[in-house]
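In what follows, chains carry the letters A, B, and so on, assigned in the order in which the sequence lines appear, proteins first and then strands, with residues in each chain numbered from 1.
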2 protein chains.
Amino acid sequence: MKIDDSKNKQDLQQLIDTQQFVEHISVDCTIFGFDNGILKVLLLKYHDLDVWSLPGGFIFNDEDLSDAASRVLFERTHLSDTFLEQFHTFGQINRTANNAHQILLKHKNIEVPPDHWIFQRFITVGYCSLIDFNLAGTFPNSLNETCAWFEVNKLPKLAFDHERIIEVGLNHIRKNIDTQIVANNLLPEKFTMKDLQTVYETVLDEKYRRNNFQRKILALNILERLEKFFDGSANKAPYLYRFRRKN
Amino acid sequence: MKIDDSKNKQDLQQLIDTQQFVEHISVDCTIFGFDNGILKVLLLKYHDLDVWSLPGGFIFNDEDLSDAASRVLFERTHLSDTFLEQFHTFGQINRTANNAHQILLKHKNIEVPPDHWIFQRFITVGYCSLIDFNLAGTFPNSLNETCAWFEVNKLPKLAFDHERIIEVGLNHIRKNIDTQIVANNLLPEKFTMKDLQTVYETVLDEKYRRNNFQRKILALNILERLEKFFDGSANKAPYLYRFRRKN
DNA sequence: GCAAAAGTGTTCTTTTTACACCCATGG
DNA sequence: CCATGGGTGTAAAAAGAACACTTTTGC
């Protein structure tokens with residue numbers, strides 16, 4: 001991805017100068033998507049750092065915690081209208097031990113006094129979401145950083161305790177897949193039962209029988225059946241489905 | 001309960017003077033117990049305030065979040081070795097709108113500058129637990145406050161957003177009753193199946209059939225059967241049970 | 001012996017899982 | 001007409017709910 005270094009530095013400087021954040025608290029978003037049956041998580045990396053991190057940020061003084069999570073995600077990935085769910089708050093003393101911020105700022109030659117709030121202890125609130133992997137193509141190239149998907153069991157070197165956060169976030173998603181699936185733009189508006197099954201199998205890392213899966217899902221009464229979908233292959237065309245408006 | 005007013009003021013003054021807390025963050029504990037089939041929650045009240053609040057407090061700079069929750073609970077209720085589970089973090093901007101702290105300090109004639117950290121915005125992390133109601137008798141009379149159990153659907157006037165916190169905490173307990181029951185000292189070491197059934201029925205607000213409940217619980221394979229318990233009544237004596245050590 | 005409450009056995013129902021069959025589709 | 005994959009029917013198995021019967025206890 002394209003990197004504009006001067007803009008990058010300017011943005012960072014602005015962040016550092018801001019006094020409008022609630023100190024000691026941050027949010028981090030674990031965004032899961034899947035690609036060809038492989039579950040992936042969205043990570044960011046500043047150009048000159050060798051560690052990746054979750055899309056995270058701070059809370060404005062006059063902003064609700066949940067709004068901050070949505071804003072932070074948008075600012076860093078341009079994902080909008082993403083349903084985010086809070087899942088856990090991480091508050092170990094030493095969780096930001098490998099101070100990535102410090103290294104980054106040094107690289108950028110940005111002068112920050114050592115008692116600056118950004119170096120203080122942070123407690124972070126984790127939010128998670130499941131989204132359509134295809135939205136990946138729509139991320140605008142962020143000027144600040146590289147944005148990429150990683151398989152959940154082939155993670156790169158991560159900042160702070162972000163590996164742990166991903167682990168806990170993934171557990172949460174697995175336990176709450178039913179609500180997550182409905183609430184999100186994980187699938188295109190219309191999809192086949194097989195598409196949905198692939199999602200379940202990828203997220204839960206389990207296999208289901210085609211026919212029983214169909215019955216189970218239809219019994220939930222959350223789908224409406226639409227027209228058939230002809231993809232040109234030599235077999236019976238599957239129906240398309242859509243999530244019902246309300247319940 | 002007995003109140004020592006000068007000690008009370010002294011403690012508060014000390015809290016206010018402390019600079020060792022992580023600003024903007026607090027913990028609140030929702031402790032549930034049950035009494036004669038009624039589910040209750042433990043609340044505290046400073047003597048001269050008319051609002052009740054959850055046992056809560058702040059996090060020391062050199063303390064893990066979860067340790068802070070345990071410490072805070074112990075300091076305010078003298079409950080020790082209580083298994084606490086984090087369930088949600090509350091971060092609405094206006095959640096501490098009805099500033100109970102301010103009123104309390106004014107009552108006590110403690111001078112605090114208006115820009116003191118205690119008046120700043122706070123984001124609070126909720127922890128919950130289910131405990132044996134009989135432990136209530138063992139709370140030492142806290143010098144600072146009154147400590148009492150309230151029925152979960154007959155709550156008094158509460159500080160901040162504590163009513164909401166209780167609601168979310170109770171939901172969490174209900175969803176996780178199986179783990180909570182085992183992890184806690186909710187029941188005495190030895191108990192009858194009926195005792196356990198009463199707990200389930202009280203917490204979940206549902207009725208079960210005696211025989212089916214017994215089968216369901218025994219199938220979990222978490223109990224070991226002990227001797228019979230004779231309470232002098234004219235009927236067959238029930239067995240006592242105990243939670244198995246490991247699994 | 002009797003009432004009360006506990007333990008256990010049995011049936012009925014519902015849900016879940018497994019297997020089977022038929023149907024539509026493009027080449 | 002054939003291979004492929006989708007829809008639906010049905011049987012077997014497991015789990016859950018309801019009912020009945022027997023046992024133990026103190027009076």
Between Arg209(A) and dT17(C), is there a contact of a side-chain N or O with OP1 or OP2 at under 4.0 Å? no
Hey, does Thr192(B) reach any base, or is it just sugar-phosphate, or nothing, if we go heavy atoms under 4.0 Å? nothing
Atom CD of Gln197(B) and atom P of dG7(C) are separated, to the nearest Å, by 11 Å
Counting just side-chain N and O atoms, does Gln214(A) come under 4.0 Å of either OP1 or OP2 of dT8(D)? yes
Pick the closest DNA chain C nucleotide for Tyr241(B) and for Gly232(A) by heavy atoms, then say which residue is nearer the 5' end. Tyr241(B)
Give a yes/no verdict on a cation-pi contact between Lys40(B) and Phe150(B), requiring under 6.0 Å between NZ or CZ and the six-membered ring centre and an angle within 45° of the axis. no
Side chain Thr30(B), main chain Tyr127(B), donor-acceptor under 3.5 Å: yes
Hey, is the main chain of Leu187(B) close enough, under 3.5 Å, to the side chain of Asp132(B) for a donor-acceptor pair? no
Contacts of Lys236(B) and Asn211(A) projected onto DNA chain D by closest heavy atom; the upstream (5') one is Asn211(A)
Separation between CZ (Phe229(B)) and CG (Leu240(B)), nearest 0.5 Å, reads 6.5 Å
Of Asn212(A) and Ala234(A), whose closest DNA chain D nucleotide lies nearer the 5' terminus? Ala234(A)
For the base of dG5(D), is there a side-chain donor-acceptor partner from Arg210(A) under 3.5 Å away? no
Could you check which of dA4(C), dT4(D), dA18(C) has an atom nearest any side-chain atom of Asn235(B)? dA4(C)
dG5(D) P sits how many Å from Phe229(A) CZ, rounded? 15 Å
Looking at dG9(C), does its base get a donor-acceptor pair with the side chain of Arg215(B) below 3.5 Å? yes
